[in-house]
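Below is one structure; the comments refer to it alone.
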Amino acid sequence: WNNPVTLQAFLQVVFRQDYGWLPTVVVDKSVRFIVLKQYFLYLYRELTILGVLGIVVGIIVSFRGKRGIVFPISLLLGAFLFGPFFYFYGASPSFDAMSDGAREKFIASSSIFLILFLPFGMEKVSGVLQGLLQKSGSSVSRMIIYSRTVSVFFCLLPFILFFQNITLLDLRTPAMLTKVLAQDILMTLPKNTVLIAQHDNVLFPVWYMEYALGVRSDVYATLPGELKDLASRGMLKLSPNEVTAVLNEIGRASCRERV
């Protein structure tokens, strides 16, 4: 992504400044905390109460286990950087479903690190249950049945998530909608136009129409961050500062229209 061979370019990739999702206006801290709260609510709904409890138990077990603290700290750091950090860092008022969808990508990225704690939580719950049954004088066969019954509840989690989301899954309609969207955008542009897409949800369908289907290859579609890079390399008539000023004005005008 933008050939990050220098420290500045690397930091630009790390902080996703070219991703097209960062706020174009100054965001108050109260708004950032509201957006951060949305992250945890989304995460709770995606993992369900059963998954959250299993993950919490797994985190506690990982810190108290013999594996050391490097493993759990690494996973928690990954979950933090991919989730709460970027939600707070890139917080902005949500104007539409598309911006919400862009932020939900970070939930999937961060939840992967958290889900890795789930097996440790399942193992701990099963072990505690076996210990309680052993103290109560239950037979070995009964202990195995009870512990496996508890494990089955955790194994049901993927199926619960599947049936919760199957009604929202439609692989055909979104594909057709993005194709129609890209066609409508390209067919209304004059020849040799530079199209500045707000985010990749618009850019990728346009690129597909241009490069895969050969529609309106005269249009140069890009993200705002790419324009800054082109200006810094002297490939545009505008300077990087002038490009930044123009993009900021476009962002402010867009926010005013939505409000």
Side-chain angles (χ1 to χ4, degrees), residues 21 34-67 71-87 94 96-136 138-179 200-201 204-205:
W21 66 284
I34 291 174
V35 174
L36 187 61
K37 180 181 177 181
Q38 288 180 343
Y39 165 80
F40 290 106
L41 290 176
Y42 280 139
L43 198 65
Y44 174 78
R45 286 195 291 265
E46 290 293 326
L47 298 176
T48 72
I49 183 63
L50 194 63
V52 171
L53 292 177
I55 290 171
V56 171
V57 174
I59 292 173
I60 297 173
V61 170
S62 298
F63 273 103
R64 299 180 63 181
K66 298 179 181 179
R67 303 177 183 87
F71 172 74
I73 288 179
S74 300
L75 291 182
L76 290 176
L77 185 61
F80 170 75
L81 292 178
F82 277 91
F85 172 74
F86 273 113
Y87 254 68
S94 179
D96 49 37
M98 189 171 291
S99 59
D100 269 345
R103 280 200 288 264
E104 285 181 358
K105 298 175 184 177
F106 296 98
I107 299 175
S109 301
S110 62
S111 62
I112 292 174
F113 294 95
L114 295 176
I115 290 174
L116 292 177
F117 287 107
L118 185 57
F120 300 105
M122 294 171 56
E123 182 184 27
K124 182 62 176 179
V125 172
S126 179
V128 170
L129 180 60
Q130 288 185 13
L132 294 175
L133 293 174
Q134 189 174 9
K135 290 180 180 179
S136 65
S138 300
S139 64
V140 176
S141 59
R142 183 173 295 181
M143 289 169 51
I144 295 175
I145 292 174
Y146 287 160
S147 62
R148 288 182 177 178
T149 301
V150 174
S151 300
V152 166
F153 281 106
F154 286 101
C155 293
L156 289 175
L157 180 59
F159 296 98
I160 295 173
L161 296 177
F162 174 79
F163 287 110
Q164 281 183 344
N165 294 281
I166 187 62
T167 57
L168 305 176
L169 182 62
D170 186 353
L171 297 178
R172 177 175 173 79
T173 304
M176 295 299 298
L177 289 176
T178 53
K179 183 177 180 180
D200 54 11
N201 292 328
F204 289 169

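Residues take their numbers from the sequence shown, with the count starting at 1.
When every heavy atom of Phe86 is checked against every heavy atom of Leu81, the shortest pair comes out as CD1-O, 2.7 Å. The minimum heavy-atom distance linking Ala79 with Ser110 is given by the pair O-CB, 3.3 Å. In terms of heavy atoms, Leu47 sits closest to Val52 at CB-CG2, 4.2 Å. The two residues Tyr39 and Gly83 make their nearest non-hydrogen contact at CE1-CA, 3.7 Å. Here the closest non-hydrogen pair linking Gly78 and Phe113 is C-CD1, 3.7 Å.
One distance of note links CD1 of Ile55 with CD1 of Ile115; it measures 6.0 Å at 0.5 Å rounding. In this structure, OG on Ser74 lies 11.5 Å from CG on Leu116, to the nearest 0.5 angstrom. Rounding to the nearest 0.5 angstrom, the gap separating the CZ atom in Phe85 from the CG atom in Leu77 is 10.5 Å. With values rounded to the nearest 0.5 angstrom, Thr48 atom OG1 is found 10.5 Å from Leu43 atom CG.
Counting only heavy atoms from C-beta outward, the side chains of Val57 and Leu118 never approach each other to under 4.5 Å.
Within 6.0 Å of CZ on Phe63 lie more than 12 heavy atoms contributed by other residues, nucleotides or ligands. Within 6.0 Å of atom CZ in Arg64, 12 or fewer heavy atoms from other residues, nucleotides or ligands are found, so the atom counts as exposed in its surroundings.
Relative orientation of the Phe120 and Phe71 rings is perpendicular, given thresholds of 30° and 60° on the angle between their planes.
For Leu53, the side chain to side chain contact (heavy atoms under 4.5 Å, CB included) partners two or more places apart in sequence, or in a different chain, are Ile49. The side chain to side chain contact (heavy atoms under 4.5 Å, CB included) check on Pro119 picks up nothing, with sequence neighbours excluded.
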